[in-house]
Chemist: 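Sharing a structure with you now.
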There are 2 protein chains.
Amino acid sequence: MANIQQVAKHAGVSVATVSRVLNGQNTVSSKTKMKVEEAIKELNYEPSMLGRNLRNSESRIVLILIPTISNPFYLEIIKGIENIAISHNYNILLCETDSDPEKENIYFDLVRKKMADGIISMDPAVNVETLKQLAEKYAIIQCSEYGGGIGIPYVTIDNEEASYRAVKHLLQIGHTKIALMNTDEKFLYARERKMGYERALKEHGIEMNNNYIFYTKDLGFENGQQAMKKILNLKERPTAVFAVSDLLAIGALKEINASGLNVPGDMAVVGFDKIDFSNMTNPTLTTVAQPMYKMGTTAAKMLIEKIQGNKVDSVVLDFELVIRESTAG
Amino acid sequence: MANIQQVAKHAGVSVATVSRVLNGQNTVSSKTKMKVEEAIKELNYEPSMLGRNLRNSESRIVLILIPTISNPFYLEIIKGIENIAISHNYNILLCETDSDPEKENIYFDLVRKKMADGIISMDPAVNVETLKQLAEKYAIIQCSEYGGGIGIPYVTIDNEEASYRAVKHLLQIGHTKIALMNTDEKFLYARERKMGYERALKEHGIEMNNNYIFYTKDLGFENGQQAMKKILNLKERPTAVFAVSDLLAIGALKEINASGLNVPGDMAVVGFDKIDFSNMTNPTLTTVAQPMYKMGTTAAKMLIEKIQGNKVDSVVLDFELVIRESTAG
DNA sequence: TATGAAAATGTAAACGATTTCATTTTTGAT
DNA sequence: ATCAAAAATGAAATCGTTTACATTTTCATA
């Protein structure tokens, strides 16, 4: 495999000149530029990123931390990140943490070892203390989920308001007994969405009923099924359920159908995220659309700014309530 | 940020010794080893991958080429690849090609530029000629989809047989008018699956009817809906449909439901891949289970072998027909 | 033609590790 | 105490770039 030395020799110039041609500097005469380009072609030369990266002290790789690749919610965000990254000559390393601090640490090590130039974290279970410490030395952005008040820039939506609007929609179409399917309140978004839920109820003069609040361990389909099973067994059964994730909602949908009940006739369902599949279910799912692609591009731009040493501010993006069949009663 | 020089000075030894400690070589006395480890701790030293990678002429990164991240089919495979990769100290770069030769080439460049040590390609639309050429110099494995006879090791299942068994199942439960929802036959797997379809029919004395064969541009949900719309409009409507991807099948399911027909009563449906969502639909989907995780681990092991310069043979893995509600009539 | 500024090119030092080969130190047997 | 073999350590080259600085060439002008 040819290196820059050989190209230089072959073209009868110095390596500096070759490098200049490579990097499109305009201080090279067109004659020599031609010679060099010819040599490059003849030797089939491809500059090595290894040498270049060492010299420039950068890896041109950014890390994306997600709890699991199985939740389609992240896919659109990733696409957004990727497009911006690529156009800035960065590549992305997708890191599935399983919300496991051990695995997480393997990935943190990558930036410590200069294998990566920065991190976009979407893992709500991330070790906040470690992240904070890391952020002092490295470029880090939080996306979608964030630890509040730890000084790391984030991009997100107004979860409280989004939840409020979702529940308000259920109230407006006549529901009063509305269950909440939430995750562990150690997550900020879970706390915020519960607050929105409560605010909407209060506004309609309804007291929050703790029997109607269910916590799931994860955001998966099965978790939704299990929680729904419990809800269906309540003596005073709710007529609507708001799940904080589409996967939960789809699990709920499945369970309701399986028990012979009708959606939205017997039970209205609202999800959260607007993943692709929320439109493929029967009935289609009413859900809160997060601007996922936009979140991705925004986070990526912020990260690149940060890598370049600039200060960046957090961003709160708009959401949208998408009303579909599962509440169209 | 401390480097190996500073650690050496701080510990009062040479860089060679520090490097030896770093790499766990046993030629270092325990006294000096202690000194070095102390220095490392005190200086908060983390060895730079940039230096190491240049010296070792490797990036410890492998590329995964997939047409789109939106098809969950790839997720399990990726997990398999990732686990093996991580345990061998490799990291994976997920590359979405959109089946676009231009984008593809960007990623090929990464290995030419030594940014990556090898490629696992899952893109059926990959430019076979380029891939073949690349494979002469770099480590490449094909996974799931492969170009036949181009000498690049692959891991896959027996698509013809899998398709045969799926269709045979439909025949056995009494269907005779079976539609095939396929993709473009430029893809090897599409041709193979059609052959299996034909063989099953023939075996039951049924002549293949071209009016029952539909081609979709992609493997997405919407493609399935559109194709199903056409199928439902046929004058002599089939009673079953075999789709070569779960996403297609789920699209079909949706369309059938929407038109007021019942699955499997009016129309049985069989998919392919056993993605997570095939179990979340209503009714659940009969499908051909590919051993995706195993495919991933196998491909990863093969690639690592290849990177190390060893010869590897192609592998054909087992599949399984999973019978669920959509054919349980 | 000589001159000086501007343009083009070259030299050599980084970047941060690993490793070969040479050298020093330790060890154990005599 | 001596010595050879074994063990531990170090010096310096190397991986392949980029770039600051020095040097040479070009070219318009006097």
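All chains are named by letter (A, B, ...) in the order of the sequence lines, taking the proteins before the strands, and each is independently numbered beginning at 1.
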Chemist: For a quick check under 3.5 Å, do A:Tyr138 and A:Asp117 share a side-chain donor-acceptor pair by atom type?
Modeler: no
Chemist: Have a look at B:Tyr189 and tell me which of B:Asn159, B:Thr156, B:Thr183 forms a side-chain hydrogen bond (donor to acceptor under 3.5 Å, both in side chains) with it.
Modeler: B:Thr183
Chemist: Counting only side-chain heavy atoms from C-beta out, which of C:dT18, D:dT17, C:dC15 sits nearest to A:Ser57?
Modeler: C:dC15
Chemist: Identify which nucleotide among D:dT9, C:dA17, D:dT18 has an atom closest to any side-chain atom of B:Ser29, counting heavy atoms from C-beta outward.
Modeler: D:dT9
Chemist: Distance check needed: C:dA14 C1' versus A:Asn56 CG, whole Å only.
Modeler: 12 Å
Chemist: What's the CD1-C1' distance between A:Ile4 and D:dT19, to the nearest Å?
Modeler: 11 Å
Chemist: Dump every N/O contact between nucleotides 10-13 of chain C and the protein below 3.5 Å, one line per pair.
Modeler:
unit_1: C:dG10; atom_1: OP2; unit_2: A:Ser14; atom_2: N; d: 2.7
unit_1: C:dG10; atom_1: OP2; unit_2: A:Ser14; atom_2: OG; d: 3.2
unit_1: C:dG10; atom_1: OP2; unit_2: A:Thr17; atom_2: OG1; d: 2.8
unit_1: C:dG10; atom_1: N7; unit_2: A:Arg20; atom_2: NH2; d: 2.7
unit_1: C:dG10; atom_1: O6; unit_2: A:Arg20; atom_2: NH1; d: 3.4

Chemist: Less than 4.0 angstrom between a side-chain N/O of A:Asn53 and OP1 or OP2 of C:dC15, yes or no?
Modeler: no
Chemist: In whole angstroms, how far is the P atom of D:dG16 from the CG atom of A:Asn23?
Modeler: 17 Å
Chemist: If you check every side-chain atom of B:Val28, which of D:dT9, C:dT18, C:dT9 has the closest atom?
Modeler: D:dT9
Chemist: So, the side chain of A:Asn105 versus the backbone of A:Phe108: is there a donor-acceptor pair under 3.5 Å, distance only?
Modeler: no
Chemist: Where each residue is assigned the nucleotide of DNA chain D containing its nearest heavy atom, which of A:Lys31 and B:Lys114 is assigned the position nearer the 5′ end?
Modeler: B:Lys114
Chemist: When you check the phosphate oxygens OP1 and OP2 of D:dT18, does a side-chain N or O of A:Arg52 lie under 4.0 Å from one of them?
Modeler: yes
Chemist: Verify the neighbour count for atom NZ of A:Lys294: are there more than 12 heavy atoms of other residues, nucleotides or ligands below 6.0 Å?
Modeler: no
Chemist: Do other residues, nucleotides or ligands put more than 12 heavy atoms under 6.0 Å from A:Asn23 CG?
Modeler: yes
Chemist: Regarding A:Leu50, tell me which of base, sugar-phosphate or nothing describes its non-hydrogen contacts under 4.0 Å with the strands shown.
Modeler: nothing
Chemist: Mind checking the OH-OG1 spacing from A:Tyr293 to A:Thr298? Nearest 0.5 Å is all I need.
Modeler: 10.5 Å
Chemist: Please give, in whole Å, the distance from C:dG16 P to B:Met49 CE?
Modeler: 15 Å
Chemist: What is the distance, rounded to the nearest whole Å, between atom CD of B:Gln5 and atom P of D:dA11?
Modeler: 11 Å
Chemist: Do the non-hydrogen side-chain atoms of A:Ser121 and A:Ile141 ever get within less than 4.5 Å of each other?
Modeler: no
Chemist: Taking only side-chain nitrogens and oxygens of A:Thr32, does any of them come within less than 4.0 Å of OP1 or OP2 of C:dT9?
Modeler: yes
Chemist: Could you check whether any side-chain N or O of B:Glu104 sits under 3.5 Å from a backbone N or O of B:Asn127, counting only pairs where one atom can act as donor and the other as acceptor?
Modeler: yes
Chemist: At under 4.0 Å, does any side-chain N or O of B:Thr27 touch on OP1 or OP2 of D:dT9?
Modeler: no
Chemist: Rounded to whole Å, how long is the line connecting atom CD1 of A:Ile40 with atom P of D:dT17?
Modeler: 10 Å
Chemist: Provide, to the nearest angstrom, the distance between the NZ atom belonging to B:Lys9 and the P atom belonging to D:dG10.
Modeler: 15 Å
Chemist: Once you round it to whole Å, what is the distance between P of C:dC15 and CG of B:Asn3?
Modeler: 8 Å
Chemist: Need one value for A:Glu46: base, sugar-phosphate or nothing, where a base atom within 4.0 Å counts as base even if backbone is also close, heavy atoms only.
Modeler: sugar-phosphate
